[in-house]
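Read through the structure below, which is laid out as structure tokens, and then see the notes.
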Amino acid sequence: MKERLIKLLEGSIDSCLEKGLLKETDIPFIEVEFPREGSHGDYASNVAMILASSQREAPRRIAERIVENINDSDQILDKIEIAGPGFINFFIKSNVWAVLLKKVDTLGDRYGESDIGKGIRVQVEFVSANPTGPLHIGHARGAVTGDVIASILQASGFSVSREYYINDAGNQMNLLGKSVYYRYLELMGEDISFPDNCYQGRYITELAHEIHDSFGDKFRSDKESAISFLTEYAADSILNGIKEDLETLGVIFDRYFSEKELYKNDGVTRILQDLQGKGFIYKEGNTLWFKTTDFGDEKDRVVVRDNGEPTYFAADIAYHRNKYSRGFDRVINVWGADHHGYISRMHAAVQALGRKREDLEIVLVQLVNLLRNGIPVPMSTRAGEFVTIREVTGEVGKDAARYNFLMRRSNSHLDFDLELAKTQSSENPVYYVQYAHARISSIMRLAAEQGCRAPCYDEIRPDLLTAPEERELIKLIDTFPEMIEGSAKALEPHRIPYYINDLASVFHSFYNKHKVVSDNSELTKARLFLIKSTGTVIRNALRLLGVSAPERM
RNA sequence: GCGCCCAUGGCUCAGCUGGAUAGAGCGUCGGACUACGAAUCCGAAGGUCGAAGGUUCGAAUCCUUCUGGGCGUACCA
């Protein structure tokens with residue numbers, strides 16, 4: 001509907017220009033929006049006010065001319081008013097609304113999709129926690145956010161790949177191996193003092209047990225080779241656990257990319273040489289520095305330490321070059337907010353690689369406070385005190401967990417209350433939306449029992465759907481595709497929960513006021529069609545969120 | 001110290017990239033089931049949008065300063 005009104009306005013402005021009623025100036029993008037106030041019409045535009053400054057004329061006078069020149073050939077407008085400082089308010093004829101539902105019917109499951117992505121290849125990298133311990137609640141939020149961003153982009157016509165970068169090289173991993181080794185020695189009855197900087201979590205001890213059970217004291221003597229084996233063993237095992245945890249959340253990756261792969265054939269050092277050749281790297285003693293300040297970073301960064309080992313940053317440069325060389329035109333990284341200090345150096349790296357700064361987009365996801373009944377649950381990864389994803393999904397369920405993560409803008413902090421998330425009451429917004437869907441299914445079942453199957457658009461009389469609640473529903477349903485589009489452009493998943501919450505709310509109001517199945521068969525058919533369309537939109541939206549749309553609950 | 005993020009009814013948060021009288025949910029108070037599912041609906045109270053300036057027809061939204069909170073500021077990842 002918006003597009004139709006925008007076309008009308010464009011047409012009018014064009015003919016105003018022809019007739020010399022408007023000066024040839026920059027014509028702004030025309031915006032049409034929902035007025036808050038019902039008396040301001042169904043839609044409103046502020047073009048006249050925007051044009052006012054460049055035309056050097058009063059907005060209301062411009063508006064008058066635009067309104068006079070609107071050619072409503074399809075007869076969709078009931079009336080047009082000029083109001084306030086120069087708003088143009090549109091009132092749509094009540095019988096044209098239901099026409100909007102036709103496309104829901106023809107598109108079905110695909111209603112809401114678009115092709116704004118034009119097949120552009122985009123990679124979304126998220127979670128990417130190093131396999132030194134189980135995922136915690138903060139990772140879960142990042143996982144779900146990244147997953148849904150990917151889904152939204154997919155629905156918008158991008159060709160999307162979900163990727164997890166495994167930091168399985170470097171001294172954190174070494175530390176992991178050592179941690180297991182010491183616990184292993186303890187099991188053999190050796191009296192060792194467990195180092196402070198090692199991982200304290202119980203899972204380390206469990207791994208040590210596992211190894212002791214299957215290998216006995218095999219690794220007791222040769223410390224070096226033992227640690228290297230244990231590192232790999234532990235990383236594998238932990239990574240598998242991570243994958244399983246992610247699966248319980250409904251997050252599936254297209255690819256797990258190992259950092260180790262970057263070091264094959266001296267990959268990392270070759271890239272550093274390239275960059276050195278381009279003059280982005282200088283040497284100071286044994287250390288190599290990357291001149292990230294050339295690109296606006298606040299200080300230069302080390303890429304090779306004086307002991308000759310490359311830093312994590314060095315590998316990350318190589319990784320990002322690898323991404324672009326695989327043909328991704330857009331690269332999106334979803335990071336925990338604690339990594340924000342990393343952004344400017346990564347942008348510098350991307351530019352040094354000959355890419356534009358915008359070729360790397362970073363979505364920051366703020367940290368999560370885990371609560372139980374409003375009381376913070378203490379968390380410390382190092383000390384091994386945390387609630388894992390599996391415990392969370394096990395306790396509150398996948399749907400509630402995902403929905404709770406998605407309700408907030410990723411940029412704001414999130415309180416995740418375990419008790420609240422699992423209460424099956426009105427305090428929990430997931431059920432509100434799911435209930436609407438279940439209710440719709442239930443009505444359709446009832447109608448089917450009475451021999452009235454859900455009709456298609458061509459079988460109904462759309463002009464019967466004129467009640468205010470019906471019109472509100474249709475309006476909202478009509479907005480769904482543009483909402484998805486906006487959410488894709490802004491990389492903001494939270495718009496979807498807000499939208500379906502609204503939709504469910506309008507539906508519930510409608511339901512309480514009007515009977516769908518009645519003895520008026522024409523009206524019954526029209527309303528069945530309306531709620532079928534509503535159900536389709538809820539289902540499509542929930543599918544994007546990775547949340548189920550139950551038919552009963 | 002410096003950098004990034006946040007600040008909106010009692011609580012948790014939206015506010016569509018500058019629009020008309022700032023919106024939801026929870027909580028509080030008052031109503032609605034012999035009607036398709038009451039996990040629902042209807043109504044009410046509750047706000048100088050952290051503070052002060054500035055930009056313009058118009059600011060919760062943009063710019064500056066300040067206050068308060070989170071995070072970061074490694075040759076860790």
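Keep in mind it's a predicted model, so treat the numbers as computed, not measured. Sequence lines set the chain letters: A, B, ... in the order given, protein chains first and strands last, and positions in each chain run from 1. Below, all heavy atoms of this structure are taken into account, side chains as well, without hydrogens, waters or symmetry copies.
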Gap in Å between the two C1' atoms, one belonging to B/A7 and one to B/C11, rounded: 15 Å
If you measure only the distance, is there a donor-acceptor pair under 3.5 Å linking the side chains of A/Gln172 and A/Tyr199? yes
Quick check on B/A77: is either OP1 or OP2 less than 4.0 Å from any side-chain nitrogen or oxygen of A/Tyr312? no
What residues, two or more places apart in sequence or in another chain, satisfy side-chain hydrogen bond (donor to acceptor under 3.5 Å, both in side chains) together with A/Arg539? A/His437
Find which nucleotide of RNA chain B each of A/Asn411 and A/Asp306 is nearest to by heavy atoms, and output the residue with the more 5' nucleotide. A/Asn411
Check every atom of B/A24, B/A39, B/A20 against the side chain of A/Met553 and return the nucleotide holding the closest atom. B/A39
Record whether the side chain of A/Asn46 comes under 3.5 Å of the base of B/G19 through a donor-acceptor pair of N or O atoms. yes
For atom CZ of A/Arg445, decide whether the heavy atoms of other residues, nucleotides or ligands shown that lie under 6.0 angstrom number more than 12. yes
Salt bridge (Lys or Arg N to Asp or Glu O under 4.0 Å) against A/Arg61, all qualifying residues, sequence neighbours excluded: A/Glu57
Classify the nucleic acid contact of A/Gln366 as base, sugar-phosphate or nothing, counting any heavy atom under 4.0 Å across all strands shown. sugar-phosphate
By the 4.0 Å heavy-atom rule, please label A/Asn171 as base, sugar-phosphate, or nothing. sugar-phosphate
Considering only side-chain heavy atoms of A/Lys299, which listed nucleotide, B/A74, B/C36, B/G37, is closest? B/A74
Could you pull out the closest heavy-atom pair between A/Pro497 and A/Tyr403, with the gap in Å? O-OH, 3.4 Å
Members of residues 437-447 of chain A that approach RNA chain B, where some heavy atom sits under 4.0 Å away: A/Ala438, A/Arg439, A/Ser442, A/Ile443, A/Leu446
Pairwise side-chain contact, A/Val517 with A/Cys452, heavy-atom cut-off 4.5 Å (strictly under): no
If only side-chain N and O atoms count, and only distance matters, is there a donor-acceptor pair under 3.5 Å linking A/Asp399 with A/Gln434? yes
Quick one: do A/Phe34 and A/Tyr43 satisfy ring pair (Phe, Tyr, Trp, His ring centres under 6.0 Å)? Show the steps, please. CA-CA 5 Å; A/Phe34 288 125; A/Tyr43 294 92; 5.2 Å; yes
Applying a 4.0 Å non-hydrogen cut-off, can you work out what A/Ser509 is touching in the nucleic acid: base, sugar-phosphate, or nothing? sugar-phosphate
Describe the nucleic acid contact of A/Phe313 in one word from base, sugar-phosphate, nothing, applying a heavy-atom distance below 4.0 Å. nothing
Mind checking A/His40 for me? I need base, sugar-phosphate or nothing, with any heavy atom below 4.0 Å counting as a touch. base
5' precedence on RNA chain B between A/Arg552 and A/Asp502 (nearest-nucleotide basis): A/Asp502
Base versus backbone protein contacts along nucleotides 8-14 of chain B [heavy-atom cut-off under 4.0 Å; B, S, -]: ----SSS
Which residues share a ring-ring contact (aromatic ring centres under 6.0 Å, His included) with A/Phe90, sequence neighbours left out: none
Would you classify A/Asn89 as touching base, sugar-phosphate or nothing, given that sugar-phosphate means primed atoms plus P, OP1 and OP2, and contacts are heavy atoms under 4.0 Å? base
How would you label the contact of A/Met49 with the nucleic acid (heavy atoms, under 4.0 Å): base, sugar-phosphate, or nothing? base
Heavy-atom contacts under 4.0 Å between residues 528-541 of chain A and RNA chain B, which residues? none
Syn or anti for B/U73 (syn when the glycosidic angle lies within 90° of 0): anti
Is it true that atom CG of A/Asn307 has more than 12 heavy atoms of other residues, nucleotides or ligands lying nearer than 6.0 Å? yes
Any idea if B/C33 is syn or anti, going by the 90°-from-0 cut? syn
For nucleotides 28-35 of chain B, tabulate all protein N/O to nucleotide N/O atom pairs closer than 3.5 Å, reporting atom names and distance.
{"unit_1": "B/A35", "atom_1": "O2'", "unit_2": "A/Lys515", "atom_2": "NZ", "d": "3.1"}

Residues forming a side-chain hydrogen bond (donor to acceptor under 3.5 Å, both in side chains) with A/Lys260, sequence neighbours excluded: none
According to side-chain hydrogen bond (donor to acceptor under 3.5 Å, both in side chains), who are the partners of A/Asn46, at least two apart in sequence or on a separate chain? none
B/G37 pyrimidine/purine six-ring stacking with A/Tyr435, under 5.5 Å and 30°: no
Verify whether one side chain among A/His320 and A/Asn333 offers a donor that lies under 3.5 Å from an acceptor in the other. yes
Does A/Arg141 make a cation-pi contact with A/Phe416, if we ask for NZ or CZ under 6.0 Å from the ring centre and within 45° of the axis? no
List RNA chain B stems (3 or more consecutive Watson-Crick/G-U pairs, under 3.5 Å)? B:1-5 with B:69-73, B:10-13 with B:23-26, B:28-32 with B:40-44, B:50-54 with B:62-66
Base, sugar-phosphate or nothing for A/Ala129? Non-hydrogen atoms, less than 4.0 Å. nothing
Just jot down the side-chain hydrogen bond (donor to acceptor under 3.5 Å, both in side chains) partners of A/Thr269, sequence neighbours excluded, or say none. none
In short, ring pair (Phe, Tyr, Trp, His ring centres under 6.0 Å) pairs touching residues 474-496 of chain A with sequence neighbours left out are A/Tyr111-A/Phe480, A/Phe480-A/Tyr499
